[in-house]
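What you see is a predicted model, and the numbers here were worked out from it, not measured in a lab.
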Amino acid sequence: MTTTQPHVGVVSTGIYIPDRYMTAEEIADRSGVPLDVVKQKMGILRKPIPGPDDGTAAMGIRAAQQCIERAGIDPAAIDLVIYIGEEYKEYQLWTAGIKTANAVGAHNAWAFDAQLRCGTWVLGMKLAQALMLSDDRVNTVLLAGGYRNVDYINYANPRVSFMYNLGAGGGAMLLRKNYGRNRVVGSEIIVDGSLSETVGVRGGGTLAGLHNHDDSLYQLDVFDVEYMKTRLNAVSTQRWVEVVSRVCAQGGYRTQDIDYLAILHMKRSAHQALIEQLGIPVGRAIYLEEYGHIGQIDQILSIHLALERGLIRDGDLVVGVSAGVGYAWGATAIEWGPVGATRARKQAAG
């Protein structure tokens with residue numbers, strides 16, 4: 001591939017993490033789960049939680065401002081802003097993407113919100129790539145958003161123990177058409193509709209009623225514990241392997257070719273099992289034990305941290321992996337460095 005062929009490249013990333021944290025000790029105290037289980041099995045040493053000024057969109061805006069500054073571009077050059085944060089944000093029935101565009105100075109951009117729960121970064125990457133390659137007027141795209149679903153967690157409810165890792169933060173990624181570096185290979189998404197009504201917040205929806213005053217309805221809950229556990233255990237790992245295999249195949253790669261895996265935070269054993277299934281050395285993924293799960297921000301955070309730590313280099317194949325209740329598994333592949341460098345390196349290595 002040459003740089004003259006149409007492609008989409010990653011220009012920069014931005015991250016905002018609140019300065020307040022909940023420790024493993026606090027989670028253990030509030031939930032009654034033994035401390036060693038929180039730290040070792042759940043894999044949480046601490047997680048960021050929102051302060052009074054950490055609105056969902058606001059955190060995404062702070063990350064976007066950092067992302068734009070790191071890119072060194074005039075925000076007026078941005079053609080499109082896609083909000084990839086949670087729908088739980090400052091206001092209901094509100095388009096955060098438009099607010100984000102205005103706040104960062106992207107006054108020439110149009111904007112919209114995208115949603116796939118914790119799989120929204122992958123969805124945003126897929127939408128951005130498709131729009132950029134099909135519309136001559138869309139050349140620079142900003143993905144940005146925040147996440148603070150930790151507000152919906154009741155630590156006295158063991159049904160949601162797998163979500164005790166939920167935290168807060170914001171992330172952003174800037175994309176440019178024909179950038180010449182960090183080519184987005186593509187994105188893949190797999191969904192399982194049989195799990196579509198297993199997890200959610202009942203309060204505020206049309207079934208529970210907008211003004212229902214039962215506080216327990218305004219918390220995340222698992223509606224069918226046994227079915228969800230049984231079904232997820234049966235399909236989750238194979239869905240992850242399948243979606244990663246598919247996105248690697250888009251570029252003619254195997255999962256063993258992955259040099260860095262930007263993976264969401266989940267329990268330690270599941271993290272290790274997936275890496276093993278994919279045939280990737282453990283050192284090629286950061287375990288986010290000091291951040292917990294910041295929803296769809298995890299992949300941007302992981303890439304951001306890996307770049308800071310020198311774990312991603314030119315010629316590397318980088319894959320971001322997500323999962324969102326509903327249930328959706330997603331993956332995006334990026335050839336890091338000059339366009340063509342990853343393929344040349346893999347071919348030289350045999």
Side-chain angles (χ1 to χ4, degrees), residues 1-3 5-15 66-67 70-72 121-122 124-126 128-129 132 141 143 171-188 240-265 271-272 274-288 291 296-322 329-350:
M1 171 172 291
T2 67
T3 56
Q5 293 178 284
H7 67 275
V8 172
V10 177
V11 180
S12 61
T13 60
I15 286 293
Q66 183 192 78
C67 184
R70 287 162 62 99
W121 174 74
V122 174
M125 292 292 282
K126 190 172 185 67
Q129 184 182 28
M132 295 171 83
V141 176
L143 306 183
M173 183 171 280
L174 190 73
L175 308 173
R176 181 174 289 169
K177 187 186 297 181
N178 299 331
Y179 181 53
R181 289 184 57 85
N182 312 330
R183 183 182 82 96
V184 179
V185 175
S187 302
E188 291 282 343
W240 265 316
V241 172
E242 183 179 358
V243 79
V244 173
S245 298
R246 284 188 190 179
V247 82
C248 287
Q250 283 193 35
Y253 300 111
R254 305 164 304 160
T255 62
Q256 295 92 331
D257 293 320
I258 296 171
D259 297 291
Y260 184 75
L261 188 71
I263 186 172
L264 70 156
H265 182 273
H271 174 94
Q272 293 170 343
L274 178 57
I275 289 175
E276 185 176 308
Q277 286 273 340
L278 294 173
I280 303 170
V282 174
R284 294 184 184 173
I286 294 174
Y287 189 59
L288 300 173
Y291 297 91
Q296 50 268 54
I297 308 305
D298 280 8
Q299 291 76 44
I300 301 176
L301 172 62
S302 185
I303 291 171
H304 189 90
L305 293 173
L307 288 168
E308 288 184 341
R309 299 177 189 181
L311 297 177
I312 295 177
R313 298 167 296 178
D314 285 0
D316 281 352
L317 178 64
V318 177
V319 174
V321 185
S322 70
W329 297 263
T332 294
I334 304 166
E335 295 173 334
W336 208 265
V339 171
T342 302
R343 184 165 304 285
R345 175 172 164 253
K346 299 298 183 185
Q347 289 174 344

Validation row: [X], [Y] side chains within 4.5 angstrom (heavy atoms):
X      : Y      : result
Gln5   : Val339 : no
Asp314 : Trp336 : yes
Asp259 : Ile312 : no
Leu317 : Arg345 : no
Trp240 : Gln277 : no
Thr342 : Tyr253 : yes

Worksheet item: Taking NZ, NE, NH1 and NH2 as the nitrogens, is one of them in Arg284 or Asp316 under 4.0 Å from a carboxylate oxygen of the other?
Response: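 Not counted as a salt bridge, because no side-chain N and carboxylate O are separated by less than 4.0 Å.
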
Discussion item. What verdict does the side-chain contact (heavy atoms from CB on, under 4.5 Å) test give for Thr255 and Ile280, after you've listed the backbone C-alpha separation in whole Å, the side-chain angles of each residue and the deciding distance to 0.1 Å?
Written reply: CA-CA 8 Å; Thr255 62; Ile280 303 170; 5.5 Å; no

Discussion item. Going by side-chain contact (heavy atoms from CB on, under 4.5 Å), name the residues that satisfy it together with Ala71, two or more places apart in sequence or in a different chain.
Written reply: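 Partners of Ala71 under the side-chain contact (heavy atoms from CB on, under 4.5 Å) test: Val11, Ser12, Ile73, Leu174.
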
Main chain of [Y], side chain of [X]: is a donor-acceptor contact present, judged purely on distance under 3.5 Å?
X      : Y      : result
His7   : Gly180 : yes
Lys346 : Asp257 : yes
Gln66  : Ile15  : yes

For residues [X] and [Y], report the shortest heavy-atom separation together with the two atoms involved.
X      : Y      : result
Ile275 : Ala285 : CD1-CB, 3.7 Å
Gly320 : Val122 : O-CG2, 4.5 Å
Pro281 : Gly279 : CD-O, 4.1 Å
Val185 : Gln129 : O-NE2, 3.7 Å
Met173 : Trp121 : SD-NE1, 3.7 Å
Ala128 : Leu143 : CB-CD2, 4.3 Å

Roughly how far apart are [X] [atom1] and [Y] [atom2], rounded to 0.5 Å?
X      : Y      : atom1 : atom2 : value
Trp329 : Glu242 : CH2   : CD    : 10.0 Å
Ile258 : Ile263 : CD1   : CD1   : 10.0 Å
Cys248 : Arg254 : SG    : CZ    : 10.0 Å
Ile334 : Ser187 : CD1   : OG    : 8.0 Å

N/O donor to acceptor pairs below 3.5 angstrom from side-chain atoms of residues 298-305, sequence neighbours left out:
residue, atom, partner, partner atom, Å
Asp298, OD1, Ile294, N, 2.7
Asp298, OD2, His265, N, 2.9
Asp298, OD2, His293, ND1, 2.6
Gln299, NE2, Val321, O, 2.6
Ser302, OG, Tyr260, OH, 2.6
His304, ND1, Thr13, OG1, 2.8
His304, NE2, Glu308, OE2, 3.4

Discussion item. Going by side chain to side chain donor-acceptor pair (under 3.5 Å), name the residues that satisfy it together with Tyr179, two or more places apart in sequence or in a different chain.
Written reply: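 Result, side chain to side chain donor-acceptor pair (under 3.5 Å) vs Tyr179: none returned.
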
